[in-house]
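Just so you know, these numbers come straight off a predicted model, no measurement behind them. We're numbering straight along the sequence, starting at 1.
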Amino acid sequence: DLTRWDTSNATTFDGMFWNCTNLTSINMSGLNASKVTSLYALFYMCKSATSINLSNMDISAVTDMRFTFSHCESLTDLNLTNCKALNVDNMNNMFSSVYALEYIDLSSFDVSNAQTLSQVFYGCTSLKKVNLSTFNTQNAITMSQMFQNCTSLESLYLPRFSSASLNSASGDYMFQNCTSLSRIIFGPDFTNLSGRGMFSGDTSLKAIVTKREISSASDAVTLGTASSIMLNTSSKQTTFYVPTEESKTYYLNATNYSSVFGSDYVVEVDVLMERGDDTSYVIGTSPSDNRGASANYLASSIKTVTFVDDI
């Protein structure tokens with residue numbers, strides 16, 4: 001328990017608990033870290049830690065969170081409530097190989113200045129849900145391998161993700177081997193789905209949704225070929241959902257959409273219900289269907305769908 005520490009003049013917490021392999025619980029709640037600029041590898045290799053509490057901790061000046069929790073392999077309880085991160089620039093491998101954690105809530109993080117988001121959740125094999133509802137990635141240069149090998153991740157809701165600053169290889173293997181991932185919902189500013197191997201191994205993926213409404217084919221989300229993004233379209237199990245019927249027409253005329261999905265698998269969304277803090281959605285048929293609006297029905301042949309809270 002470090003809650004009584006006076007850290008008001010500290011400028012770095014780099015590697016503070018590096019390789020403390022027998023440490024099981026850490027409470028830093030409420031620490032004044034307002035002058036700290038780096039949490040690089042703060043808990044790196046704390047393999048036995050099951051609980052870490054950083055709630056109400058002022059990390060508003062922190063820019064470097066590389067490897068902060070990497071290889072906390074037994075971690076099941078992470079409290080980041082009101083942990084305000086306002087200036088983070090680099091989150092490379094922040095949670096990589098955190099094998100036991102099932103839920104991460106980063107809704108208190110402002111990542112609008114972040115440039116490096118590669119491998120943030122790499123190998124989080126038990127992670128089922130992550131709250132990234134406030135993540136504005138407008139300055140991110142790379143998101144390569146961001147969710148790679150998150151084999152338990154069920155859905156992703158990324159309403160504020162932006163690809164405005166991404167470089168050409170920035171989305172490579174971004175969702176690779178997310179074998180339980182059934183749906184991804186993108187906001188209107190994520191416009192690049194061309195990363196090499198972006199969807200490789202995503203054997204459960206039923207729906208890719210964009211909120212980007214377009215009035216010409218040139219405004220469509222950039223889509224790579226099936227072989228480059230490694231989206232398995234042979235079984236026709238993945239449907240691409242768009243906001244309107246008009247948008248559907250333009251998407252089908254955009255490069256690669258007809259060849260990757262086909263005309264029957266680019267579908268307009270009938271209704272989209274959402275909650276700002278929700279990270280999981282059920283895809284169902286329209287309310288007129290006798291299964292009801294909340295039916296967990298992922299058939300790719302339906303023409304209209306409703307997204308309903310899973311909570």
Side-chain angles (χ1 to χ4, degrees), residues 54-57 59-60 62 65 68-69 77-89 91 94-95 98 101-122 124 126-140 143 146-148 150 152-166 170-171 174-175 178 180-193 205-213 221 241-243 269 271-284 294 305-311:
L54 302 184
S55 62
N56 300 304
M57 188 171 167
I59 57 171
S60 57
V62 170
M65 296 194 76
T68 301
F69 304 98
D77 181 16
L78 176 63
N79 190 345
L80 298 173
T81 304
N82 202 35
C83 183
K84 297 295 185 182
L86 304 179
N87 289 291
V88 179
D89 172 72
M91 297 174 68
M94 183 175 174
F95 296 99
V98 178
L101 196 60
E102 295 186 2
Y103 177 64
I104 300 174
D105 185 353
L106 296 179
S107 58
S108 63
F109 277 48
D110 180 349
V111 299
S112 57
N113 293 320
Q115 294 188 335
T116 305
L117 296 173
S118 56
Q119 296 184 309
V120 178
F121 305 102
Y122 176 86
C124 291
S126 295
L127 186 65
K128 294 182 179 180
K129 293 183 181 181
V130 55
N131 189 341
L132 301 174
S133 58
T134 62
F135 260 44
N136 180 348
T137 63
Q138 62 186 8
N139 286 309
M143 299 183 200
M146 187 174 185
F147 301 97
Q148 189 178 41
C150 290
S152 299
L153 193 61
E154 298 170 350
S155 63
L156 281 170
Y157 177 50
L158 311 173
R160 300 189 67 192
F161 267 47
S162 170
S163 56
S165 300
L166 295 183
S170 58
M174 187 173 178
F175 307 102
C178 292
S180 300
L181 187 63
S182 66
R183 53 202 178 271
I184 308 173
I185 301 175
F186 292 105
D189 296 324
F190 197 87
T191 60
N192 194 333
L193 297 178
L205 190 59
K206 301 293 185 183
I208 299 173
V209 184
T210 180
K211 294 184 181 181
R212 185 173 179 80
E213 188 172 344
V221 175
Y241 292 100
V242 301
V269 173
V271 180
L272 180 57
M273 296 175 61
E274 61 183 76
R275 274 178 29 178
D277 60 347
D278 193 20
T279 58
S280 182
Y281 285 75
V282 173
I283 297 178
S294 61
V305 296
T306 301
F307 293 82
V308 183
D309 288 348
D310 202 23
I311 296 176

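Taking the side chain as every heavy atom from C-beta outward, L101 and Y103 never approach each other to under 4.5 Å. Taking 4.5 Å as the limit, some side-chain heavy atom of I184 sits within range of a side-chain heavy atom of L205.
In terms of heavy atoms, V111 sits closest to M91 at CG1-SD, 3.7 Å. Pairing each heavy atom of L106 with each of L80, the nearest pair is CD2-CD1, 3.6 Å. Closest approach of V120 to L117, counting heavy atoms only: CG2-O, 3.1 Å. Across all their heavy atoms, V221 and F190 have their closest contact at CG2-O, 3.8 Å. Nearest approach of V62 to M65, heavy atoms of both residues: CG1-CG, 3.7 Å. Taking both residues in full, the closest heavy atoms of S107 and S133 are given as CB-OG, 4.3 Å, listed atom of the first, atom of the second, then distance.
Rounding to the nearest 0.5 angstrom, the gap separating the CZ atom in R183 from the NZ atom in K206 is 11.5 Å. Here the CE atom belonging to M174 is positioned 5.5 Å from the CZ atom belonging to F161, to the nearest 0.5 angstrom. For the atom pair Y157 OH and L132 CG, the distance stands at 11.5 Å (nearest 0.5 Å). For the atom pair CG of L156 and CZ of F186, the computed distance is 8.0 Å after rounding to the nearest 0.5 Å. S55 contributes atom OG, which lies 10.0 Å from atom CG of L78 (distance to the nearest 0.5 angstrom). To the nearest 0.5 Å, atom CG of residue D89 and atom CD of residue Q115 are 5.0 Å apart.
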* To do: With side chain to side chain contact (heavy atoms under 4.5 Å, CB included) as the test, would you mind laying out the steps for L54 and N79 before giving the verdict?
  => CA-CA 6 Å; L54 302 184; N79 190 345; over 6 Å; no
* Does the pair I104 and N131 meet the rule for a side chain to side chain contact (heavy atoms under 4.5 Å, CB included), with working shown? -> CA-CA 6 Å; I104 300 174; N131 189 341; over 6 Å; no
* Could you walk me through whether S152 and L127 pass the side chain to side chain contact (heavy atoms under 4.5 Å, CB included) test, one step at a time? => CA-CA 6 Å; S152 299; L127 186 65; 5.9 Å; no
* Please step through side chain to side chain contact (heavy atoms under 4.5 Å, CB included) for the pair I185 and K211, ending with a clear verdict. => CA-CA 8 Å; I185 301 175; K211 294 184 181 181; 4.1 Å; yes
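For T116, there are no side-chain hydrogen bond (donor to acceptor under 3.5 Å, both in side chains) partners two or more places apart in sequence or in a different chain. In this structure, the side-chain hydrogen bond (donor to acceptor under 3.5 Å, both in side chains) partners of N82, at least two apart in sequence or on a different chain, are N56. The side-chain hydrogen bond (donor to acceptor under 3.5 Å, both in side chains) search around N139 returns none, not counting sequence neighbours.
Checking side-chain atoms of R160 against main-chain N and O of N136 turns up no donor-acceptor pair under 3.5 Å. Between the side chain of S108 and the backbone N or O of C83, at least one donor-acceptor pair lies under 3.5 Å. Side-chain N or O atoms of S170 include none that pairs as donor or acceptor with a backbone N or O of M143 at under 3.5 Å.
In the model, S162 has no side-chain atom that pairs as donor or acceptor with a side-chain atom of T137 under 3.5 Å.
Among F147, Y122, F121, the one residue that satisfies the ring-ring contact (aromatic ring centres under 6.0 Å, His included) test with F175 is F147.
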